[in-house]
Amino acid sequence: MRPRLGPTLGVLIASLACAPSPATSVEPTAAGAGVEASASPERRSVRPGVNDRYFEDGAVERWTDTLERERREVIALRDPIVAALELEPGMVVADIGAGTGAFMSALSAGVGETGTVYAVDIVPAFLDHLRARAETEGLTKVEVVEATPTAVGLADASVDLMFMCDVYHHIEYPSVYVRSLYEALRPEGRLIIVEFDRIPGETSAKMMKHVRQDQATLVAEVTAEGFVLEREIEDVPFDENYMLVFRK
Ligand SMILES: C[S@@+](CC[C@H](N)C(=O)[O-])C[C@H]1O[C@@H](n2cnc3c(N)ncnc32)[C@H](O)[C@@H]1O
């Protein structure tokens with residue numbers, strides 16, 4: 001299990017005032033089409049090209065293999081992760097960056113017949129796959145939603161809980177996108193983020209390169225858009241990830 005954070009939340013939050021600002025880069029990617037190159041800094045991609053591989057031919061098959069392999073940490077820990085979401089029948093839950101749908105069935109079971117699961121992604125082939133998979137698996141409460149890199153595509157104040165699993169480092173425009181998440185949450189709604197650690201000396205070189213932000217940077221970015229960090233979930237035995245609960 002990874003070592004837990006030492007500081008209390010208060011100390012952690014106070015320390016965020018000194019957190020480095022996220023790296024900004026210059027050009028939007030194809031996936032960010034429609035975002036002007038001359039736009040304000042918050043409308044410039046912080047990680048151009050990070051989603052390009054998802055748009056390639058054959059991505060559904062390739063990424064199903066990669067994202068749903070049993071030895072992937074969040075798949076091995078899928079049950080305790082979903083239990084930690086504290087789902088209740090009737091809830092409206094959004095799986096932000098649903099990918100190939102690894103969590104779709106478990107989320108559907110958690111909200112029951114009276115709930116709704118929005119499976120949200122930006123990749124058209126994933127969206128088609130999610131629709132087909134929901135039908136095949138009889139997940140009648142799943143609605144597939146197309147986001148853009150800058151907006152989640154959900155109605156204002158329409159969701160009780162947003163879940164993002166290993167997605168945050170794929171968000172190219174964190175400031176405007178997180179604001180759109182905030183607007184789509186109901187008052188008192190929760191945003192729960194599972195994300196890769198990025199700890200020099202502990203995280204692999206590959207993941208240090210792939211994941212742009214560390215935990216403090218993520219928290220600083222998310223709280224800058226109005227969310228309040230409520231707690232870190234400590235009882236899921238992660239080695240490579242952490243899990244944070246934010247409140248609107
Ligand atoms: C590493 S995959 C994780 C998929 C899934 N959450 C899982 O854990 O299996 C990242 C996903 O985020 C999606 N994504 C990237 N930017 C997004 C955005 N702005 N809004 C919604 N989904 C996005 C990608 O298309 C991809 O499906």
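Atoms within each ligand, like the ligands themselves, are counted from 1 in listed order. This is a predicted model, so every value here is computed, not measured.
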*asked:* Please check whether Ala98 reaches ligand 1 - meaning an N/O of the residue sits under 3.5 Å from an N/O of the ligand, judged on distance alone.
replied: no

*What protein heavy atom is closest to atom 8 (O) of ligand 1, reported as residue, atom name and distance in Å?*
Arg72 NH2, 2.9 Å

*Any side-chain heavy atom of Val211 sitting closer than 4.5 Å to one from Tyr168?*
no

*Relative to ligand 1, is Arg53 under 4.0 angstrom through side chain, backbone, both or neither, heavy atoms considered?*
neither

*asked:* Measuring from non-hydrogen atoms of Asp121 to any atom of ligand 1, is the shortest distance under 4.0 Å?
replied: yes

_For atom 10 (C) of ligand 1, what is the closest protein heavy atom, and at what distance to 0.1 Å?_
Tyr54 OH, 3.6 Å

*Nearest heavy atom to atom 5 (C) of ligand 1 wins, so pick from Gly97, Pro174, Ser180.*
Gly97

*Glu56/Arg62 ion pair, N-O < 4.0 Å*: yes

*State, without any angle test, whether Glu221 and Ser175 hold a side-chain donor-acceptor pair at a distance under 3.5 Å.*
no

*asked:* Please list, in number order, the atoms of ligand 1 under 4.0 Å from a heavy atom of Phe126.
replied: 27 (O)

*Within less than 4.0 angstrom of ligand 1, does Met164 place any heavy atom?*
no

_Test of understanding: given a 4.0 Å heavy-atom threshold, classify the contact between Tyr173 and ligand 1 as side chain, backbone, both, or neither._
neither

*Kindly identify the option in Ile75, Ile122, Val120 whose heavy atom sits closest to atom 17 (C) of ligand 1.*
Ile122

*Considering only the protein, which heavy-atom contact is closest to atom 16 (N) of ligand 1, and what is its distance?*
His170 O, 3.4 Å

*Does Pro149 approach ligand 1 within less than 4.0 angstrom via side chain, backbone, both or neither, non-hydrogen atoms only?*
backbone

*With atoms numbered from 1 as shown, which atoms in ligand 1 lie under 4.0 angstrom from a non-hydrogen atom of Tyr177?*
18 (C), 19 (N), 20 (N), 21 (C)

*asked:* Among all protein heavy atoms in this structure, tell me which lies nearest to atom 15 (C) of ligand 1, with the distance rounded to 0.1 Å.
replied: Asn51 OD1, 3.3 Å

*Which of the atoms in ligand 1, numbered in the order shown and given with their element, are less than 4.0 Å from a heavy-atom of Thr148?*
19 (N)

*asked:* Among residues at least two apart in sequence or on other chains, which ones pass side chain to side chain donor-acceptor pair (under 3.5 Å) with Thr100?
replied: Glu68

_Non-hydrogen side-chain atoms of Tyr54 and Asp121 separated by less than 4.5 Å_ = no

*asked:* For the backbone of Glu225 and the side chain of Arg179, can you confirm whether one donor and one acceptor N or O come within less than 3.5 Å of each other?
replied: no

*Considering residues, nucleotides and ligands other than Arg53, do more than 12 of their heavy atoms fall under 6.0 Å from its CZ?*
no

*Say whether, by atom type as modelled, one donor and one acceptor occur between the side chain of Glu73 and the main chain of Asp239 under 3.5 angstrom.*
yes

*Mind checking side chain to side chain donor-acceptor pair (under 3.5 Å) for Tyr177 and listing every partner two or more places apart, or none if nothing turns up?*
none

_Distance filter under 4.0 Å to Asp166 heavy atoms, resulting ligand 1 atoms_ = 1 (C), 3 (C), 10 (C)

_Quick check: do Thr203 and Phe196 have side-chain heavy atoms less than 4.5 Å from each other?_
no

*Write out the residue and atom name of the closest protein heavy atom to atom 3 (C) of ligand 1, then the distance separating them to 0.1 Å.*
Cys165 O, 3.6 Å

*Take atom CD in Glu135; do more than 12 heavy atoms of anything else shown fall under 6.0 Å from it?*
no

*State the atoms of ligand 1, each with its element, that fall below the 4.0 Å cut-off from a heavy-atom position in Val123.*
25 (O)

